[in-house]
Asker: 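Could you have a look at this structure, given as C-alpha cells, before my questions?
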Amino acid sequence: MQQLTRFAADYVGYVLKGGTKFYAWMGSLAVLIVGMMYVFYLQNTEGLIVTGMTSQIHDGLYFANLVFLVGVAAGAVTIVFPAYAYHHEGMHKVAVLGEMLAISAVIMVTMFVFAHMGRPDRLWHMLPLIGIYNFPHSMLGWDVLVLTGYLILNAICGFYYLWCKYTGKPINYKWFMPLVWVAIVWALSIHTVTAFLISTMPARPMWFHSMMPIRFIATAFAAGPCLIILAFLIIRNNTKFWVDDSAIKLLTTIVTWCLGIALFLTLSEVVVELYARTEHANGLYYLMFGLHGLTNLVPWFWGAVILMVSSFVLFLIPSIRNNFKLLPIPCVMAFAGIWIEKGMGLIVPGFIPTPIGEVTEYYPTFVEWLLTLGIWAFGFFILTILLKGAIGILQGDIKYVAAK
Amino acid sequence: MTTKETPKACPAEEQPSVCTAPPASADPAASAPKTSRRDFLKAGGMLSMSTLMGTAALMTQSDDAHAAAEWAEHFQKNYRLMTDAEKAEARARLERRYSQEYGKQVTVDTTGPQPGVLMGYALNIRKCIGCRRCVHACVAENNQSRGTKPGEKIEWIQVLRMERGKFEQGKMDHGYPEGLGIQVGGNAYTPAGQVLEGQYHYTPEAVPEQDATYMPIACMQCEKPPCVKVCPVRTTYREADGPVVIDYNWCIGCRMCMGACPYWARRINLTSPVLPKEEMNPVTHYLGNRPRMRGVVEKCHWCLQRTRHGRYPACVEVCPVGARKFGNLLDPESEVSKILERKNVFRLKAELNTFPKFFYFYD
Ligand code: SF4
Ligand code: SF4
C-alpha cells in the first residue's frame, strides 16, 4: 500500500517537472480544454442544435472522430504484437508506450461518445444492472463492451509492467503473457466492432458491405503507427530516452503496407460501385463528384486521396523512409489523409442522400470544431502525462527506494 | 384534436375490448365526449392521492411540481419494467407537470395493447393528391415541434413528389456515353416514377400538380424493425399490437435507430421542442404524443392515444380523398384486411426484410 502511494507520488512529481517547452505545450492544451468544457456546457443546455447536425445528417464530426480514434487505439497493437510475438528487441523496449497511447485514445473515444449523445445525462441507462443493455443485439452495446475491455486490459498490462520496473520486482509472466495476448486480439475486435456498427445497416447502402472491417483495420494500422512514429521521434529528440532505429523502421514498414492495402481496397470499392452505378452508389458518387449540385465533400475526398497516395509513394522511397528528418512528412500526410477518409469522408456521405433520396449537406459549426479540438487536446494532455511518466520509469529516473 | 364524430377502426360488435370498453387503466379521454371527460377528471382524478400532492406543491411554490417531476423522471425505470403502480405514479407526475406547463388539463394515457389487435395501414397511391393535410394534422395532433429555425421543425410524414416522366422521339438518338459510337444506355426519357434527389419537400400552390405523382411516407411500423434491433438501451420497441414506440424518458439520443431506419422515419429533437401552449394537444399517450424533451428521438406511432380507443389516426381522418385506410389486420372484416385481400398491394424496400405493416395499394 505504501509502495503504491509512493508510486503515485513519484509519478506525479516526475511528470510535473519540466522545462518551458513542456509547460507551454501543456498550457496551450489546457486552454483548448477549457474552451471545450465551455462549448460542451453550451451544447448540454441548448441542445444539439448548436451543432450542424440535422435529422437528415445526424452523425457528424463527433462520430467521425470517434470512429477514427478507435482505429488509433487499435493501432497500438502494431507495437505490442511484434514486441511479444516476434520478440523484436527495439519494440520490446517501447511496448509499454504503445499501451499508453491506446489508453489515451480510448479515453478520447469515450469523450466523443459523451459529446455525440443527445442525452449524455442518461448514459447510465446503458450500464448493466441499473440500466438495460440491449445485448447481444445492439452493436453499440458491443462497442461499449469491447472498448471498456480494451481500456482495462491496456491499463492493467501497461501499469503492471511499469510497476514491476518501478519496484524492481520480476514480472510474473504466468498471467502477464496471456493477458497481453488477449489484449492483442482484443485490439482487432474493437475496430471490427466499430466497423460493424455502421456496416450492419442496409438502410445506408454506402456502408453496407463486408469490406468495411478489413478496410478499417488496414487504415487503423496505418494511422495509429504514424502517430506513434511521430511521438517516438519527438521523444528521441527531446528526452534522454532512446527509441531504437529498428523499432521505427519496422513501424514504417507496417504503415507502408497497410496504407497500400487501404488504397487497394478503396480502389476496389470505387470500381465496384461506379461501374454499375446503381442508386446505391449515390453516396460514393456524391463524395467523389457531388450530387444534385452539392459538392461540399468533393475537395475533402480528393484531398484525402492525394494525401494518402503521395504519402504511400514517399514511404516507398528508401531515402525518405530511412531519413528520420524527413519521415515526419509522410507520416503527417498519411495521418491526415486517413482522418479525412475515415471521418468526414465515410460517416457524412453515408447520410447523403437520405434513405428517401434527399440531398442535404452538413456544415460543422464552430462549437463542433472547438469541442473536437478540445477533446483531441485533452487526449494529448493525457498522452503526454502517461508517456512522460512511463519514460521516467523505463529510464530508471523513478525508482522505488525503500523508506528509511 | 378533431371534433368530428369518427368511424371506428373495427366493428364494435366483434372487437368489444377495443372499441367499446377500454380497460379500467385506460384514460377516460377515450372516445367519450368532452364534457364527461372533464367531469371525470374533476371527480375522480382530482381526489387521487397524487393529485393532492401535486396541488400541495402548487400551493407552496409554483415551480415545485415541475422541478420535482423532472427530478423524479431522471431516475425512473424503463417504461416496460415499471410495475402498474409505478406507471400510475409516472403518469400522475407527468399529468401534473404538463398541466402546469401548458396551462390546461393534460391527460397522459397509459392504455396498453388490446388483445386480438394488430394494427395495419394501407394507402391508395393512386388517390393521393399531395395536399399535405395529413402532415399538418399529424403535427397538430402529435405535438411536434413547430419552430421556424432549422432543426426546430419536425414533421413525421413526408410526401414525396415524383416526376411524371415520358419517352420522347426527339431524343431517341441520344446515348450514353455521349459521342463514342457505342451506346450502353439511351436517354430518350425523362425520369418516370422516380424520386429525384432533393425533391421530397415542396410547397405546391395548387394540388394535384400536372406533372407529379405523390408517395406519402412515414414510419412503416416494421414487423422486423431494424431501429429496435440497434437501440442499445431497448428504449424503442414493437408493442404487441404492432406500432413501434419509444420511451422518451429512457432514450439516450445516440441516434443509432435513425441510421438503421430505411424509411427516414425518425427525428431527433435537436433542442427543446417549440410547442405553443394554445396549440398543445392535451389528450396524450405516454408512448405517443406527450410532449417530448430535448435530445431524444421521436416518430410516428399511429396515434396510440386515439387508436387504442378505437379511433382512426389523425392522418386517416383528415385525408380529403380517403386515400388512407387503417384497421385491425387480425380481423378479416376490417377495411385493411379486405384491401390486402383484394387490391394490388406492395411494400416499400421489400428487399430489406423489414416487413412493414404499412401497405401501398392501387385499384
Ligand atoms: S436514439 Fe434513443 S431510441 Fe434511438 S437507438 Fe439511441 S437510445 Fe434507442
Ligand atoms: S420504419 Fe423505421 S422507425 Fe419505423 S419501425 Fe421501421 S425502421 Fe423503425
Side-chain angles (χ1 to χ4, degrees), chain A residues 44-56 58-59 63 113 116-127 130-135 137-144 197-198 200-205 207 279 282 286 291-294 350-360, chain B residues 74-75 77-78 80-81 147 149-152 154-155 158 160 194-201 215 217 226-235 237 249-256 258-272 293-297 348-349 351-354:
Chain A
N44 275 300
T45 43
E46 302 284 313
L48 287 173
I49 199 151
V50 295
T51 71
M53 289 185 265
T54 54
S55 274
Q56 284 87 359
H58 46 78
D59 294 351
F63 198 74
V113 169
H116 177 72
M117 292 296 151
R119 299 295 303 216
D121 56 321
R122 293 187 187 160
L123 272 175
W124 62 271
H125 291 176
M126 275 186 94
L127 300 179
I130 55 169
I132 316 183
Y133 202 43
N134 187 5
F135 198 76
H137 293 299
S138 159
M139 278 298 158
L140 195 64
W142 277 95
D143 213 25
V144 170
L197 194 65
I198 68 169
T200 48
M201 295 180 178
R204 308 283 168 183
W207 299 338
E279 187 199 349
N282 277 358
Y286 164 77
L291 206 60
H292 206 67
L294 300 179
F351 299 103
I352 309 172
T354 66
I356 61 167
E358 184 189 358
V359 185
T360 47
Chain B
H74 275 303
F75 300 101
K77 278 197 272 183
N78 182 305
R80 266 177 302 173
L81 296 188
K149 275 188 266 161
E152 277 184 353
I154 289 180
E155 284 171 357
Q158 299 299 328
L160 308 181
Q194 200 180 349
V195 186
L196 293 184
E197 291 102 7
Q199 281 201 324
Y200 89 103
H201 197 246
M215 170 74 108
I217 184 171
C227 54
V228 169
K229 192 167 191 175
V230 299
C231 178
V233 291
R234 299 195 194 191
T235 190
Y237 58 99
N249 275 87
W250 196 260
C251 171
I252 57 174
C254 68
R255 316 197 276 294
M256 287 300 294
M258 300 178 73
C261 173
Y263 306 100
W264 195 61
R266 293 179 162 246
R267 307 285 182 274
I268 172 87
N269 280 287
L270 292 166
T271 184
S272 305
M293 57 293 275
R294 163 170 54 80
V296 304
V297 164
L348 282 192
K349 303 201 188 185
E351 76 275 15
L352 298 186
N353 268 8
T354 52

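Chain letters run A, B, ... following the sequence lines, proteins first and then strands; every chain starts at 1. Quantities reported herein were computed from a predicted structural model and do not represent experimental measurements.
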Asker: Using atom types as modelled and distance alone, determine if a side-chain donor or acceptor of A/R119 lies under 3.5 Å from a backbone N or O of B/R294.
Answerer: yes
Asker: Is any side-chain heavy atom of A/V144 closer than 4.5 Å to a side-chain heavy atom of B/P232?
Answerer: no
Asker: For A/W207, is it the side chain, the backbone, both or neither that has a heavy atom under 4.5 Å from a heavy atom of chain B?
Answerer: neither
Asker: To the nearest 0.5 Å, what is the distance between CD1 on A/I132 and CG on B/L81?
Answerer: 4.5 Å
Asker: Within the structure provided, determine whether B/I252 and A/M126 are in side-chain contact (heavy-atom separation under 4.5 Å).
Answerer: yes
Asker: If you compare all heavy atoms of B/C231 against all heavy atoms of A/S138, which two are closest, and at what distance to 0.1 Å?
Answerer: O-CB, 3.7 Å
Asker: Where does A/F63 contact chain B at under 4.5 Å (heavy atoms): side chain, backbone, both or neither?
Answerer: neither
Asker: So for A/I198, is it side chain, backbone, both, or neither that comes closer than 4.5 Å to the heavy atoms of chain B?
Answerer: neither
Asker: Would you compute the distance between atom CE of A/M53 and atom CZ of B/R255 and round it to the nearest 0.5 angstrom?
Answerer: 4.5 Å
Asker: Between B/V297, B/L270, B/L348, B/V230, who has the most heavy-atom pairs with chain A when the cutoff is under 4.5 Å?
Answerer: B/L270
Asker: Let me confirm one number: the CD-CZ distance from A/Q56 to B/R267, rounded to the nearest 0.5 Å.
Answerer: 7.5 Å
Asker: Measuring from atom CG of B/N269 to atom CD1 of A/I49, what distance do you get when rounded to the nearest 0.5 angstrom?
Answerer: 10.0 Å
Asker: Tell me whether A/W124 contacts the main-chain N or O of B/F75 through its side chain, where contact means a donor paired with an acceptor under 3.5 Å.
Answerer: no
Asker: In terms of heavy-atom pairs under 4.5 Å with chain A, which of B/S272, B/C251, B/C261, B/G151 leads?
Answerer: B/C251
Asker: Shorter than 4.5 Å, heavy atoms on both sides: which option in A/H125, A/H116, A/M117 has the most such pairs with chain B?
Answerer: A/H125
Asker: Do any N or O atoms from the side chain of B/K349 and from the backbone of A/P355 form a donor-acceptor pair under 3.5 angstrom?
Answerer: yes
Asker: Can you find a pair of side-chain heavy atoms, one from B/M256 and one from A/L197, that are under 4.5 Å apart?
Answerer: yes
Asker: So does A/E46 get a backbone contact from the side chain of B/T271, meaning a donor-acceptor N/O pair under 3.5 Å?
Answerer: yes
Asker: Could you pull out the closest heavy-atom pair between B/A260 and A/A203, with the gap in Å?
Answerer: O-CB, 3.3 Å
Asker: Checking A/N44 against chain B: side chain, backbone, both or neither under 4.5 Å from a heavy atom?
Answerer: backbone
Asker: Is A/M201 close to B/P226 at the side-chain level, that is, under 4.5 Å between some pair of heavy atoms?
Answerer: no
Asker: Counting heavy-atom pairs closer than 4.5 Å to chain A, which one of B/N249, B/I217, B/V296 comes out on top?
Answerer: B/N249
Asker: Between A/I356 and B/W264, what is the shortest heavy-atom contact and its length?
Answerer: CD1-CE3, 3.7 Å
Asker: So which residue, A/M139, A/H58, A/R204, A/H137, ends up with the most heavy-atom pairs under 4.5 Å with chain B?
Answerer: A/H58
